[in-house]
Visitor: 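Here you go, one structure.
Heavy-atom basis, side chains included; hydrogens, waters and symmetry copies ignored. Positions are given from 1, in the same order as the sequence printed here.
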Amino acid sequence: MDGSSLKSAQLLDQMRLHMATDAGKELTKKVGLVYQLNIAPKKLGVDEEIFVVDLKKGEVTKGPYQGKPDATFSFTDKDFLGIATGKTNPQIAFIQGAIKIKGSISAAQKFTPDIFPKPAKL
């Protein structure tokens with residue numbers, strides 16, 4: 001995503017491209033939820049960049065969601081990358097306070113490393 005200093009933006013850019021593939025289209029059918037990601041460079045809630053992963057339409061955009069997302073996550077760049085790449089367990093990160101979640105908990109539980117393309121190189 002343009003103009004972002006976050007490493008997460010590179011992964012979300014790959015995901016945006018992934019959505020156009022057959023595997024990406026399959027994902028939208030399977031998940032069908034909208035996630036808003038508030039990603040902070042270092043500290044939760046400070047200088048956050050907002051991205052929307054829309055698994056209803058199959059697109060990834062920068063900026064807040066127009067309407068009510070199924071779940072909103074707040075995390076740091078590092079924690080998001082850990083979860084997206086499968087190095088960090090999302091439940092443990094939540095318990096430790098590394099992630100803040102608003103919205104549907106059942107929708108949040110579907111936000112797993114499986115929805116992200118396997119990173120080529122980050």
Visitor: Looking at every non-hydrogen atom in both residues, tell me the closest pair between I101 and I105 and how far apart they are.
Guide: CG2-CD1, 4.4 Å

Visitor: So, D54 side chain and E59 main chain: donor-acceptor pair closer than 3.5 Å or not?
Guide: no

Visitor: To check you understand the geometry: which heavy-atom pair defines the closest contact between K25 and A20, and what is its length?
Guide: NZ-O, 2.9 Å

Visitor: Between atom CG of L33 and atom OG1 of T28, what is the distance when rounded to the nearest 0.5 Å?
Guide: 11.0 Å

Visitor: Nearest 0.5 Å, please: how far is CD in Q96 from OG1 in T88?
Guide: 9.0 Å

Visitor: How far does CD of E26 sit from NZ of K30, to the nearest 0.5 angstrom?
Guide: 8.0 Å

Visitor: With rounding to the nearest 0.5 Å, note down the distance linking CG in L81 to CZ in F116.
Guide: 9.5 Å

Visitor: Side chains of E49 and S5: closer than 4.5 Å at any heavy-atom pair?
Guide: yes

Visitor: Only one of F80, F75, F111 clears side-chain contact (heavy atoms from CB on, under 4.5 Å) with I99; which?
Guide: F75

Visitor: Which atom pairs, donor and acceptor, lie under 3.5 Å between side-chain atoms of residues 35-47 and protein residues at least two apart or in another chain?
Guide:
residue : atom : partner : partner atom : Å
Y35     : OH   : A107    : O            : 2.6
Q36     : OE1  : Y65     : N            : 3.0
Q36     : NE2  : N38     : OD1          : 3.2

Visitor: Kindly determine whether D70 and K110 satisfy side chain to side chain contact (heavy atoms under 4.5 Å, CB included), including the steps that lead there.
Guide: CA-CA 11 Å; D70 294 294; K110 292 182 176 147; over 6 Å; no

Visitor: Hydrophobic cluster membership, with links at side-chain heavy-atom distances under 4.5 Å among I/L/V/M/F/W/Y: are F73 and F94 in one?
Guide: yes

Visitor: With rounding to the nearest 0.5 Å, note down the distance linking CZ in F51 to OG in S4.
Guide: 4.5 Å

Visitor: Quick one, R16 with M19, criterion side chain to side chain contact (heavy atoms under 4.5 Å, CB included). Give me CA distance, side-chain angles, the key distance, then yes/no.
Guide: CA-CA 5 Å; R16 190 175 53 80; M19 286 295 158; 5.8 Å; no

Visitor: What's the separation between atom CE in M15 and atom CG in L27, rounded to the nearest 0.5 Å?
Guide: 5.5 Å

Visitor: Could you note down all residue pairs passing salt bridge (Lys or Arg N to Asp or Glu O under 4.0 Å) where residues 74-103 supplies at least one of them, sequence neighbours left out?
Guide: none

